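Structure first, commentary second.
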Amino acid sequence: MAPILEVRSAIKRFGGVAAVNRVSLALEPGRIYGLIGPNGSGKTTLFNCITGVDHVDEGEILLKGRRVDRLKPHQIFHLGVGRTFQVIRVFPELTALENLLVVTTGGYPEARRRAQELLALVKLERLGDEFAGNLSYGQQKLVEFIRVLMTDPELILLDEPAAGVNRTLLNELLNAVRRLRDQGKTILLVEHDMKVVMGLCETVFVLDHGEKLAEGAPGVIQADERVIEAYFGR
């Protein structure tokens, strides 16, 4: 099966330091991937390069065989890529429902129906008329997550979706991610919670000092001495 996303020998430098250093990876459609590594290993920088926030200095990034490494974020978005961020970016003075409607480009009735379906997906349908600023941190994260889904992206990038979320809300999010995979969506997530990564992802990529240290199934990654040393220094 042809990859939906390919990163080929990507390099991104900041002030002479390679935050991403010759990283290559490929994502097949309809799978869940994890991207892990110690703080400062280049995970978010790689996300930014994939989504056009940053441009690689060398290498290529291809979406369904098309080079996108010189496109702007909105262009990549319209090609079917959605992402969340480490820091929540909801509109606190809009309702949960309105937070979803702001990203739509279609007609209002259809957009509202889609938004209500997504609120139900994460069991927030009763809070659609509540101001986002009044929601809990975990509920705001769920709103941000489903807002990405309003445009029905094929590739979804999640940046630390489990951080600060209680177990009940996290289970709702993880179940939603699995349902998206079953619908043929491809998910790449950055996450520090290893229980989430190992229980959810089918393939895990490990970065360390900007380089890809390892790649494989969760069980293989857990037993890799290089990964253990990168995380625990032993």
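It should be emphasised that the depicted structure is a prediction, and the values quoted were computed from it without experimental measurement.
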Hey, mind stepping through Leu79 and Leu71 against side-chain contact (heavy atoms from CB on, under 4.5 Å) and telling me if it holds? CA-CA 10 Å; Leu79 291 175; Leu71 298 184; 3.7 Å; yes
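- Closest heavy-atom contact between Val196 and Ala162: CG2-CB, 4.1 Å.
- Taking the ring axis of Phe14 as reference, the NZ or CZ atom of Lys12 stays within 45° of it and closer than 6.0 Å to the ring centre.
- Taking both residues in full, the closest heavy atoms of Gly59 and Arg67 are given as O-NH2, 3.7 Å, listed atom of the first, atom of the second, then distance.
- Leu188 and Val20 fall within a single hydrophobic cluster, where Ile, Leu, Val, Met, Phe, Trp and Tyr side chains are chained together by heavy-atom contacts under 4.5 Å.
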Would Asp152 and Lys185 satisfy salt bridge (charged side-chain N to carboxylate O under 4.0 Å, His left out), going step by step from the backbone distance to the final call? CA-CA 9 Å; Asp152 198 27; Lys185 307 297 185 185; 2.6 Å; yes
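- Sequence neighbours left out, the pairs with a member in residues 187-219 that pass ring-ring contact (aromatic ring centres under 6.0 Å, His included) are Tyr33-Phe205.
- The heavy-atom pair separating Thr203 from Glu215 by the smallest distance is CG2-CG, 4.2 Å.
- Counting heavy atoms from C-beta on, the side chains of Glu225 and Glu229 never come closer than 4.5 Å.
- The stretch residues 25-54 participates, sequence neighbours left out, in these salt bridge (charged side-chain N to carboxylate O under 4.0 Å, His left out) pairs: Arg31-Glu202.
- Summarising the geometry, atom CG belonging to Leu27 is positioned 8.0 Å from atom CG belonging to Leu157; distances are rounded to the nearest 0.5 Å.
- Going from atom CZ of Arg181 over to atom CD of Gln183 covers 11.0 Å, rounded to the nearest 0.5 Å.
- Atom CZ of Arg113 has more than 12 neighbouring heavy atoms from other residues, nucleotides or ligands inside a 6.0 Å radius.
- The minimum heavy-atom distance linking Ala214 with Ile221 is given by the pair CB-CD1, 3.9 Å.
- Between the CG atom in Leu149 and the CD atom in Glu144 there is a gap of 11.0 Å [rounded to 0.5 Å].
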Under 3.5 Å donor-acceptor pairs involving side-chain atoms of residues 81-94, not counting sequence neighbours:
residue: Arg83; atom: NH1; partner: Asn48; partner atom: OD1; Å: 2.7
residue: Arg83; atom: NH1; partner: Thr51; partner atom: OG1; Å: 3.2
residue: Thr84; atom: OG1; partner: Asp159; partner atom: N; Å: 3.1
residue: Gln86; atom: NE2; partner: Thr44; partner atom: OG1; Å: 3.3
residue: Gln86; atom: NE2; partner: Glu160; partner atom: OE2; Å: 3.1

